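Worksheet for the structure shown next.
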Amino acid sequence: MKKVVKFGGSSLASAEQFKKVGNIIRSDEGRRYVIPSAPGKRFDKDTKVTDMLYACYEKAENGEDFSGELSAIEARYQEIIDGLELSMTLKPDFEVIARDFREKKGRDYAASRGEYLNGRIMAEYLGYEFIDAAQVIFFDENGSFLADLTNERLSARLKSVERAVIPGFYGSRTDGTICTFSRGGSDVTGSIVAKAIYADMYENWTDVSGFLVTDPRIIENPAVIETITYRELRELSYMGATVLHEDAIFPVRREGIPINIRNTNRPEDRGTLIVESTCRKPRFTITGIAGKKGFAALNIEKDMMNSEIGFGRKVLQVFEENQVAFEHMPSGIDTMTIFVHQSEFEEHEQNIMAGIHRAVEPDSLELEADLALVAVVGRGMKSNRGIAGRIFSALAHANINIKMIDQGSSELNIIIGVRNEDFENAIKAIYDIFVTAQL
Ligand code: ASP
């Protein structure tokens, strides 16, 4: 068994957390490749080391004194080293970092030191080899990830390495300078390493026991999703559910490597398994509910629209010319509605409306703002009758007016448009009928 194990910032925020991580790794022989994040928050109001590094570097870039900030970062690591009773020192590393900051080696370089130093400690603590991500993960000069080159070098490098720690979040450009993924990018590193070694499993350890059926800010203590497919996950994360970096899915998905989201603070929980496809029936008829506020809908009406060839293309071209992406496009016989993100649309709204008047001469053009979309996602919906009916009656009982309904032909999700102010209640009503009622 070969497993890649990635630990998020809160799992590595203190010596105590490191010890939990050590126990987890030692309890399974297969946990051979470890991807650490930088130390995260130890308590609610604490600051992540990555944020401390960004702030410190900003001072360096402005030519201000940054020694206080850098010492505070050094103290975070020293606290971990002392708590683990390791004999190593990071003093020389911090001297190099201070020099590099003065030489303005870049924001990405600055942020990457969080993972680099945590990786050094982790390797020492576990007795694993340390592999600098700069030597095995590559980006082009524009910061785009070079998947093929990375996979080739990484798999060659790891071929003869039994156990290693590879820091997450960064790599190097072809000119040797450091480049990072976007925030939360250690998830992506883990996935890339899992692909390179043909791992049997990519375990992603965090501070929750997996994906929740819905947002815990709306439903207290929601149920955990036991198994989810990559496609379902994509639908839910597009709609705002976050646990895993979006780009972490692609490398492993193509190889059919499952991802297991686990909780460092509750290792006995099985977490969520993310797989390509599964025969396992979802625990509830639906897999998850997610959603977002802040949409606007442009409603276009024109008699005989249905027989006017090219109508849709002309309308969408106006959006394209204004560089506004559309999210959904439900249509009737002589009507068509375009859902857009309100914040992106607002700036261009008058140009778009004028453009549509010119392009298709509609009978009426109406704009409705402050809408929310709720997505009910689940592979189990396909084989079940009456799901849409149950959703609509739940919303009717909760006195919620439905503005739009969109069911993809994959039958994997049903998207419902409601007013922003009905958003939370809509999610509660759907959760109650599919989950609470089935518990
Ligand atoms: N430390 C980085 C961040 O805070 C990357 C990560 O944790 O995945 O975004």
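Start at 1 and go down the list; that is how both ligands and their atoms are numbered. Values in this document were obtained by computation on a predicted structure and should not be read as measured data.
Around atom 4 (O) of ligand 1, the closest heavy atom drawn from K6, H245, E115, R183 belongs to R183.
Not a single heavy atom of G168 sits less than 4.0 Å from an atom of ligand 1.
Among all protein heavy atoms, the one lying closest to atom 6 (C) of ligand 1 is S186 OG, 3.4 Å. Considering only non-hydrogen protein atoms, atom 7 (O) of ligand 1 sits nearest to S37 OG, 3.1 Å.
One side chain, N413 or E235, offers a donor N or O that lies under 3.5 Å from an acceptor on the other.
Checked against a 6.0 Å centroid threshold, the rings of F181 and F145 count as neighbours. The ring of F169 has its center no closer than 6.0 angstrom to the ring center of Y116.
The N/O atoms of G184, backbone and side chain alike, include one that comes under 3.5 Å of an N/O atom in ligand 1.
Taking a cutoff of 4.0 Å between a charged side-chain nitrogen and a carboxylate oxygen, R107 and E58 do not qualify as a salt bridge.
Residues S71 and F94 fail the side-chain proximity criterion, which asks for heavy atoms closer than 4.5 Å.
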